[in-house]
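Worksheet: the structure to be examined is printed underneath.
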Amino acid sequence: MNAHVNADAPPGTASWAPGRTDAGAAVRRPRLGLWILTAVVVVIAARMAYGVITNPTIEWPVVGRYLTFPTVLHGLAMTLELTVLAMVLGIAGGVVLALLRMSRTPVLRVPADAYVWFFRGTPVLVQLILWYNLSIFIPKISIAVPFGPELASWQTNDLITPFVASLLGLALSEAAYMCEIVRGGLLSVPRGQSEAAQTLGLSRTRIFSHIVLPQAMRSIVPPTGNQVINMLKGTSLVSVIAMSDLLYSVQAVYNQNYKTIPLLVVACIWYLAVTSVLYLGQTWVERRFGRGHRP
């Protein structure tokens with residue numbers, strides 16, 4: 001609240017007039033501490049950048065030469081493919097699981113709860129290794145009539161390739177996390193809006209698609225964008241099962257030429273480039289769904 005001191009008031013007292021301000025008394029205090037902190041941060045950042053640029057271990061000419069190396073670009077393409085497929089399957093599975101978990105029928109809700117409990121409680125790396133070694137305890141996958149004849153069968157090693165194992169491990173785990181994101185977004189919409197729409201005679205499908213989902217998307221989109229970025233980085237885990245993603249491709253190159261640090265820098269540059277593009281896309285989507293609701 002603005003105030004003005006009355007000069008005619010007796011000594012030791014003050015008369016405050018709301019809504020008035022004394023321009024002569026308004027003195028801008030110098031923010032010396034902020035300037036010092038800014039200078040310290042700039043100096044530290046410049047020193048770190050200089051150290052990275054001038055470090056002979058990085059060998060920037062080698063980095064530039066292998067940045068577009070065919071093996072590296074193939075690994076980058078595989079990383080992007082895994083990211084897209086795993087997220088599509090994970091989002092679809094997460095939506096289904098979220099609806100099941102919100103069901104009032106125990107026979108639907110309990111299996112969904114168990115799924116989320118298991119896949120959120122075990123590391124993705126462990127899941128990838130289990131899928132890759134599935135043939136150890138399930139040598140053959142078959143389709144058969146219950147308690148009847150076998151219709152078709154395949155060797156597990158023929159079906160569960162490194163790509164399939166990678167996709168299953170990433171997508172099934174992502175579905176558990178997306179389930180909680182979608183469920184949280186749906187629960188953020190006040191139930192009274194659905195009840196009011198029902199009194200107007202709208203069907204459940206129209207209520208969900210026209211009232212609940214558009215509002216829930218404002219809560220779903222930001223964490224989903226983070227999950228996409230985490231998925232891109234998480235694909236590096238598939239290198240442990242000999243999947244030729246970006247990290248595995250980089251490792252294959254530096255195992256031959258022993259340029260470990262320059263090749264790891266190449267991987268970091270590509271990861272940073274793609275995540276930056278994803279971040280810009282996430283920002284655009286958030287603004288689109290947040291129109292008319294920004295403070």
Side-chain angles (χ1 to χ4, degrees), residues 1-64 67 76 79 83 87 177-178 180-185 187-190 214-236 246-247 261-262 264-295:
M1 179 181 294
N2 295 329
H4 174 70
V5 179
N6 188 351
D8 297 331
T13 63
S15 175
W16 299 89
R20 300 176 59 188
T21 183
D22 189 350
V27 179
R28 183 178 180 85
R29 296 183 178 180
R31 306 178 68 179
L32 181 60
L34 180 60
W35 285 106
I36 294 176
L37 179 61
T38 302
V40 170
V41 171
V42 170
V43 170
I44 294 176
R47 182 64 185 87
M48 293 177 61
Y50 178 80
V52 171
I53 294 173
T54 59
N55 193 320
T57 308
I58 296 180
E59 299 182 62
W60 289 106
V62 177
V63 172
L67 197 60
L76 175 62
T79 292
T83 301
M87 283 306 305
Y177 288 95
M178 285 304 305
E180 296 304 284
I181 292 174
V182 173
R183 190 171 68 92
L187 292 176
S188 67
V189 181
Q215 297 182 75
M217 288 299 290
R218 295 198 301 272
S219 300
I220 294 174
V221 168
T224 301
N226 291 333
Q227 288 299 111
V228 174
I229 294 175
N230 287 334
M231 176 61 71
L232 175 74
K233 297 182 295 183
T235 55
S236 61
L246 177 59
L247 180 59
I261 299 301
L264 289 177
V265 171
V266 168
C268 289
I269 291 175
W270 277 120
Y271 280 122
L272 287 172
V274 179
T275 54
S276 298
V277 174
L278 292 176
Y279 175 78
L280 293 176
Q282 176 186 353
T283 303
W284 179 84
V285 174
E286 288 181 10
R287 289 178 177 176
R288 184 178 184 277
F289 282 99
R291 287 183 299 183
H293 298 274
R294 299 177 64 88

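Just so you know, these numbers come straight off a predicted model, no measurement behind them.
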Contacts of type side chain to side chain donor-acceptor pair (under 3.5 Å), residue Asn230, not counting sequence neighbours: none
Atom pair CG/OG1 of Leu278 and Thr283 - distance to nearest 0.5 Å: 10.5 Å
Nearest atoms (heavy-atom pairs only) where Val266 meets Val63: CG2-O, 3.6 Å
Side chain to side chain donor-acceptor pair (under 3.5 Å) involving Thr57 - partner list, sequence neighbours excluded: Asn55
Least distance between heavy atoms, Pro223 atom then Ile181 atom: CG-CG2, 3.6 Å
Inter- and intrachain pairs under salt bridge (charged side-chain N to carboxylate O under 4.0 Å, His left out), touching residues 37-48, at least two apart: none
Least distance between heavy atoms, Thr83 atom then Thr235 atom: OG1-CG2, 3.6 Å
Minimum-distance pair of heavy atoms, taken over all atoms of Met87 and Gln227: SD-O, 4.0 Å
Partner residues of Ile44 under the side-chain contact (heavy atoms from CB on, under 4.5 Å) criterion, sequence neighbours left out: Val40, Met48
Closest non-hydrogen atom pair, Ile269 against Trp60: CD1-CZ3, 4.4 Å
Residue list, side-chain contact (heavy atoms from CB on, under 4.5 Å) with Thr38, at least two apart or on another chain: Leu34, Val42
Glu59: partners by salt bridge (Lys or Arg N to Asp or Glu O under 4.0 Å), with sequence neighbours left out: Lys259
side-chain contact (heavy atoms from CB on, under 4.5 Å) partners for Ser188, two or more places apart: Ser219
Residue among Val274, Leu247, Leu246 satisfying side-chain contact (heavy atoms from CB on, under 4.5 Å) with Thr79: Leu246
Spacing of CG belonging to Leu272 relative to NZ belonging to Lys233, to within rounding of 0.5 Å: 9.5 Å
Interatomic spacing from CG in Asn226 to CD1 in Ile229 - rounded to 0.5 Å: 6.0 Å
